[in-house]
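These notes concern the structure reproduced below.
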Amino acid sequence: MGFLAALDRGPTARAALEAMTGAPAQVLARAPGRVNLIGEHTDYNGGAVLPVALPHATWAAASERRDGRVRVRSLQSDTDRAVELPSVAACGPGLSPTWAGYAVGVLWTLARAGVPVPGLDLVVDSTVPLGAGLSSSAALECAVGAAVLGVLGRPVAGADADLLVTAAVAAEQEVVGAPTGGMDQAVAVHGRAGHAVHLDFATGAAAARRLVPLPLHERGLALLVTDTGVAHALADGGPDAEPVGYAARRADCEEAARLLGVPTLREAAPDAVAALPEGRPRRRARHVVSETARVAAFVTALERDDRRELGRLLADSHASLRDDMEVSCPELDLAVAAATGAGALGARMTGGGFGGSTVALVEERSLGQVAAAVDEAFEREGLAAPRHLVVEASDGASWSPV
């Protein structure tokens, strides 16, 4: 058993860029992954979420090109070859939904928003596990976007920070084709060390944002994230593909809102949801309404250090995601059961689902035994050993000159 370290990949990205171009990098940017404490499948329904920026991050080394071309290389790519495009204008819709679409799509959406994006050489490296439901895609988008701002000498702050969030969301939705909400990109940019980020999407994609203190270490607590190794993907395929997975859940929620006569499920009343005919829309709406209430209750329990209530809310969230949203899987359920059985205060799946990771609230002194119990449960079932991350809330995207 081991814990995946949040190593600084900036030097490796920088060295690879300099080897690729034969010249020094101009800037080095960083953006974190995220783990969502509670509030799943609520962001695109006008609800609230409570994510934390991970210490595990994606790094992007960048330098400007004078010929306008775009070249990007990922040190996580199986082929480890650079992807080349003739211009920023060629970075938009039509690219295959691979890692390169996430990386260069944000160049196109920033340019569309009026940012004078130049030709670029980029190399990215990361410690955010891929396919683990920890938002490696948003970390990639926001690291690349922060690198663009760095090349232009513009800080990731104020209006430019909000612009980066919007551009990263648009890249994921329009270039890659993943119908996600705005949570991941918002926390990748606006995360703060020692805090969770409460995002309320009642007004749409531009979520109201406030920081919630998360004094875990001071209370002898820790967040244990377990990557089950079951990879998930939020993009459902091309524009003519049948919506499955994430897109199907979103369509169910939109249908439920239509049946209830409300703009989003944020406005749905629990009694009205209960009166819907039995079926997927009713179950999805029941999850969204109850999960949004759980986010508010979780913040209150954090403020009071009410550990019993925090554990109950995590358990209820997982049950709702499993039974009403139907986005869990046997490996996620096993990790949750093993963690709580070994003494975790509470645990739940985190992220969009269909695989990925769990998050458990654990006393620091029990971290080893809880992680070991999950490993043993997976071994008994003949499953590959999961990976564990110990999480402290970290800062959002930034860049520095090289």
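Residue indices begin at 1 and follow the sequence shown.
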Item to complete: Calculate, to the nearest 0.5 Å, the distance between atoms CG and CG belonging to Leu223 and Leu389 respectively.
Response: 11.0 Å
Worksheet item: Passes side chain to side chain donor-acceptor pair (under 3.5 Å), Thr300 versus Arg304? Steps please.
Response: CA-CA 6 Å; Thr300 299; Arg304 297 175 177 172; 5.8 Å; no
Discussion item. Under a 3.5 Å threshold, yes or no: a donor from one side chain and an acceptor from the other, between Thr127 and Arg9?
Written reply: no
Worksheet entry | Min side-chain heavy-atom separation Glu40-Arg348 under 4.5 Å | yes
Discussion item. Taking side-chain hydrogen bond (donor to acceptor under 3.5 Å, both in side chains) as the definition, give me every residue that meets it alongside Glu363, ordered by chain and number, with sequence neighbours left out.
Written reply: Arg365
Discussion item. Using modelled atom types and a 3.5 Å cut-off, is there a donor and acceptor pairing between side-chain atoms of Arg249 and backbone atoms of Met325?
Written reply: yes
Fill in: Pairs touching residues 34-59 that satisfy ring-ring contact (aromatic ring centres under 6.0 Å, His included), sequence neighbours left out
His41-Tyr44, His41-Tyr246, Tyr44-Tyr246
Discussion item. Between His217 and Glu364, is there a side-chain donor-acceptor contact under 3.5 Å, judged purely by atom types and distance?
Written reply: yes
Worksheet item: Quick one: side-chain hydrogen bond (donor to acceptor under 3.5 Å, both in side chains) partners of Glu18, sequence neighbours excluded?
Response: Arg14
Practice prompt. Just do the side chain to side chain contact (heavy atoms under 4.5 Å, CB included) check on Val83 and Trp99 with the steps written out, would you?
Written response: CA-CA 10 Å; Val83 173; Trp99 69 268; 3.9 Å; yes
Fill in: Side-chain donor/acceptor of Thr21 to backbone N/O of Leu17, under 3.5 Å
yes
Item to complete: Begin with the C-alpha distance, continue with both residues' side-chain angles, and end with the deciding distance and a verdict on salt bridge (charged side-chain N to carboxylate O under 4.0 Å, His left out) for Arg283 and Asp324.
Response: CA-CA 5 Å; Arg283 294 196 298 274; Asp324 280 345; 5.2 Å; no
Worksheet item: Distance only, no hydrogens: is a donor on one side chain within 3.5 Å (strictly under) of an acceptor on the other, for Glu291 and Ser320?
Response: no
Worksheet item: Among Val104, Leu110, Val117, which residue meets the side-chain contact (heavy atoms from CB on, under 4.5 Å) test with Val88?
Response: Val117
Discussion item. Between Asn45 and Phe201, is the side chain to side chain contact (heavy atoms under 4.5 Å, CB included) condition met? List the steps.
Written reply: CA-CA 8 Å; Asn45 284 297; Phe201 289 87; over 6 Å; no
Practice prompt. Tell me yes or no: between the side chains of Asp333 and Ser328, is some donor less than 3.5 Å from an acceptor?
Written response: yes
Worksheet item: With distance as the sole criterion, is a donor-acceptor pair present between the side chains of Asp375 and His388 under 3.5 Å?
Response: yes
Worksheet item: Side chains of Gln26 and Glu64: is there a donor and an acceptor less than 3.5 Å apart?
Response: no
